[in-house]
Amino acid sequence: MTLMNRHTITKYILTAVAAIGACASVVAQDGSSGYNWLNITSSSKIYGLGGVNISLVDDDMMSSDQNPALLGSEMSGQIGINYMRYLGGSNFAGARYAHSAGEHGAWSASIQYFGYGSMKETLPDGTVVGDFSPKDVAFGGTYSHDFTERLRGGISLKMLYSGYADYTAFALSTDIGLNYYNPDRDQSFSVVLANLGGQVKRFDEAYDRLPFDIRLGWSQSFGTFPVRFSVTAWNLTKWSLPFVDNGDGASDSEPVVKDSFGSNLFRHLVFGADLISSSNFYLGLGYNYKTRTDMATYSRSFLSGWSLAGGIRTRSFGVGLAFAQPHTGATTFMVNLTLSLNELIR
């Protein structure tokens, strides 16, 4: 390992320690958890693989929003846009650009918009005084560095703006990630400290915490079998994740709180599998048990918890689509478009 690499690793470790300390200070404060929209991916492939995946090594820069260590110089010149039709009247969209930074580094810049449709603005007595359109916006920057041929680290910083009617807030968020990839076995391991940081400007007197999370991920294919498998463990800062099951929704149904060992274990895990038989197209299938159980309060569909992704790729462009149906009243759809500017100008 070169002296430069040792120096770079030291800087990453110190940054991580400082960020963890800042996060611990934030968590110690009183307030409610907010900013859960930070957990919504901008990658259609990741969304189709269950919505959370920090270990998928690919040449598509859109997956780097899950783990800054997945960004690499091989993605230099890529530009991507994403659109998602989410639950209710919500529409999300964004753009990202990546570029190399020397022989062993890369950087990217992004903007992500989360719009939740039009809502009625009312007074405490129920009087309607107008409409408003709540929104969140994230401005992001990411840097990654290859420590060795198989180990890469990355850090991202996001500036978060929220506007709900007459109330606004501003926050800062950081993700820190490491990825180990063995190309001989197509084996990938990752760890991410996600959503470190806190509010700089509050909506009012209440303090909203960021959803700090520790995540572990594994992805691997086996021999000539053309499928890569992924398992991601998330929400690791808290073991107990109980949910309420209202049964079939009948009036005589009694709510039941589910908090068993098996339920908690699987609510921490997201499973994915993607077809890798060709570099020009892919198919992916994901299962998120937490999504399925979170929808237990509603009219859950057979597809709840499952998600599907597919796409085509050439040297100069790619198109990706994803679909999920958390419950019968909500179908979500995402599309990604990516262009390789370096290939287009050749």
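We use all heavy atoms of the structure for the numbers below, so side chains are in, but hydrogens, waters and symmetry mates are not. Residue numbers count from 1 along this sequence.
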With heavy-atom distances below 4.5 Å as the criterion, would you say the side chains of Leu216 and Trp218 are in contact?
no
Looking only at atom types and distance, does a side-chain atom of Asn179 sit under 3.5 Å from a main-chain N or O of Arg152, one as donor and one as acceptor?
no
Is Arg313 paired with Asp59 through a side-chain N to carboxylate O contact shorter than 4.0 Å?
yes
For the student: nearest non-hydrogen atoms of Ser156 and Thr142, plus distance
CB-OG1, 3.3 Å
Side-chain heavy atoms of Lys201 within contact of Thr168, under 4.5 Å
yes
Ser43 to Asn336 - nearest heavy-atom pair and separation
CA-OD1, 3.3 Å
So Trp107 and His99, would you call those rings parallel, tilted or perpendicular, with 30° and 60° as cut-offs?
parallel
Heavy atoms, side chains only, cut-off 4.5 Å: are Phe271 and Val231 in contact?
yes
Sub-3.5 Å donor-acceptor pair from the side chain of Ser162 to the main-chain atoms of Asp136, do we have one?
no
For Val192, the other hydrophobic cluster members (4.5 Å side-chain criterion, sorted by chain and number) are Ile54
Separation of Leu70 CG from Asp58 CG (nearest 0.5 Å)
9.5 Å
Mind checking whether Val137 and Val200 sit in one hydrophobic cluster, side chains of I, L, V, M, F, W, Y counted as touching below 4.5 Å?
yes
Are Phe261 and Leu241 grouped together when hydrophobic residues (ILVMFWY) are joined by side-chain heavy atoms under 4.5 angstrom apart?
no
Starting at OH of Tyr282, measure out to CG of Asp60 and round the result to the nearest 0.5 Å.
7.0 Å
Can you name the closest pair of heavy atoms from Arg209 and Tyr35 and give their distance?
O-CD1, 4.2 Å
Flag, side chain of Asp175 to backbone of Asn195, donor-acceptor distance under 3.5 Å
yes
Is any side-chain heavy atom of Tyr289 closer than 4.5 Å to a side-chain heavy atom of Leu269?
no
With distance as the sole test, does Ser64 use its side chain to make a donor-acceptor pair with the main-chain N or O of Leu71 at under 3.5 Å?
no
Is it the case that one hydrophobic cluster holds both Ile155 and Ile214, taking links as side-chain heavy atoms less than 4.5 Å apart, direct or via other members?
yes
Given 3.5 Å as the limit, does a donor-acceptor pair link the side chain of Gln78 with the main chain of Met61, or not?
yes
Regarding Asp186 and Tyr181, do their side chains bring together a donor and an acceptor under 3.5 Å, going by distance alone?
yes
Look up atom OH in Tyr180 and atom CG in Leu151, then write down how far apart they are to the nearest 0.5 Å.
9.0 Å
Taking the side chain as every heavy atom from C-beta outward, state whether Lys158 and Thr174 have any atom pair closer than 4.5 Å.
no
Over all atoms of both residues, closest heavy-atom pair of Tyr287 and Ser304
CE1-O, 4.3 Å
When rounded to the nearest 0.5 angstrom, what is the spacing between CG in Leu178 and OG in Ser190?
8.0 Å
Does the plane of the ring in Phe203 sit parallel, tilted or perpendicular to the ring in Tyr164? Use 30° and 60° as the thresholds.
parallel
Expected output: side-chain Asn53 to main-chain Ser55 donor-acceptor under 3.5 Å:
yes
With rounding to the nearest 0.5 Å, note down the distance linking CD1 in Ile46 to CG in Asn67.
10.0 Å
Please lay out, stage by stage, how Asp65 and Ser110 fare under the test side-chain contact (heavy atoms from CB on, under 4.5 Å).
CA-CA 9 Å; Asp65 80 334; Ser110 65; over 6 Å; no
Taking all non-hydrogen atoms of both residues into account, name the closest pair between Ala95 and Ile81 and its distance.
CB-CG2, 4.1 Å
Can you tell whether the side chains of Asp274 and Lys45 come within less than 4.0 Å, N to carboxylate O?
yes
Can you check whether Leu236's main-chain N or O pairs, donor with acceptor, with Asp213's side chain at less than 3.5 Å?
yes
Quick check for you: to the nearest 0.5 Å, what is the distance between Leu160 atom CG and Gln112 atom CD?
11.5 Å
Ring geometry between Tyr86 and Phe92 (parallel below 30°, tilted from 30 to 60°, perpendicular above 60°):
tilted
Give the intermediate values and the outcome of side-chain contact (heavy atoms from CB on, under 4.5 Å) for residues Thr232 and Gln66.
CA-CA 11 Å; Thr232 306; Gln66 294 281 289; over 6 Å; no
Is a side-chain N or O of Thr291 found less than 3.5 angstrom from the main chain of Gly305, in a donor-acceptor match?
no
So do Asn288 and Trp234 actually touch side chain to side chain, heavy atoms under 4.5 Å?
yes
State plainly whether one hydrophobic cluster holds both Phe281 and Val57, where clusters connect Ile, Leu, Val, Met, Phe, Trp and Tyr through side-chain heavy atoms under 4.5 angstrom apart.
no
Short side-chain donor-acceptor distance under 3.5 Å, Ser240 and Asp259
yes
On a heavy-atom basis, which atom in Gly117 and which in Pro134 lie closest, and how many Å separate them?
O-CD, 3.5 Å
Between Arg150 and Asp184, does any side-chain N to carboxylate O distance fall below 4.0 Å?
yes
I'd like to check Met62 versus Ser42 (side-chain heavy atoms, cut-off strictly below 4.5 Å). Are they in contact?
yes
Hydrophobic clusters here meaning ILVMFWY residues chained together by side-chain heavy-atom distances under 4.5 Å, can you tell me if Tyr83 and Phe114 are in one?
no
Pair Gln220, Asn182 - check side-chain contact (heavy atoms from CB on, under 4.5 Å), show working.
CA-CA 9 Å; Gln220 186 173 351; Asn182 183 344; over 6 Å; no
Does a donor on one side chain and an acceptor on the other come within less than 3.5 Å for Ser230 and Ser219?
yes
Is there a side-chain contact between Asn91 and Tyr113 (heavy atoms, below 4.5 Å)?
no
With no hydrogens and no angle check, is any side-chain donor or acceptor of Ser44 less than 3.5 Å from a backbone partner on Ala322?
no
So, using salt bridge (Lys or Arg N to Asp or Glu O under 4.0 Å) as the criterion, who are the partners of Asp131 when residues are at least two apart?
Lys120
Phe225 and Phe229 aromatic ring geometry - parallel, tilted or perpendicular at 30°/60° bounds:
parallel
Candidate pair Asp208 and Gln199, rule side-chain contact (heavy atoms from CB on, under 4.5 Å), full reasoning
CA-CA 7 Å; Asp208 292 319; Gln199 280 186 312; 3.8 Å; yes
Name the orientation class of the two ring planes belonging to Trp239 and His268 (parallel below 30°, tilted from 30 to 60°, perpendicular beyond 60°).
parallel
How about Tyr167: does its OH atom have over 12 heavy atoms from other parts shown lying under 6.0 Å from it?
no
Can you check whether Ser76's main-chain N or O pairs, donor with acceptor, with Ser100's side chain at less than 3.5 Å?
no
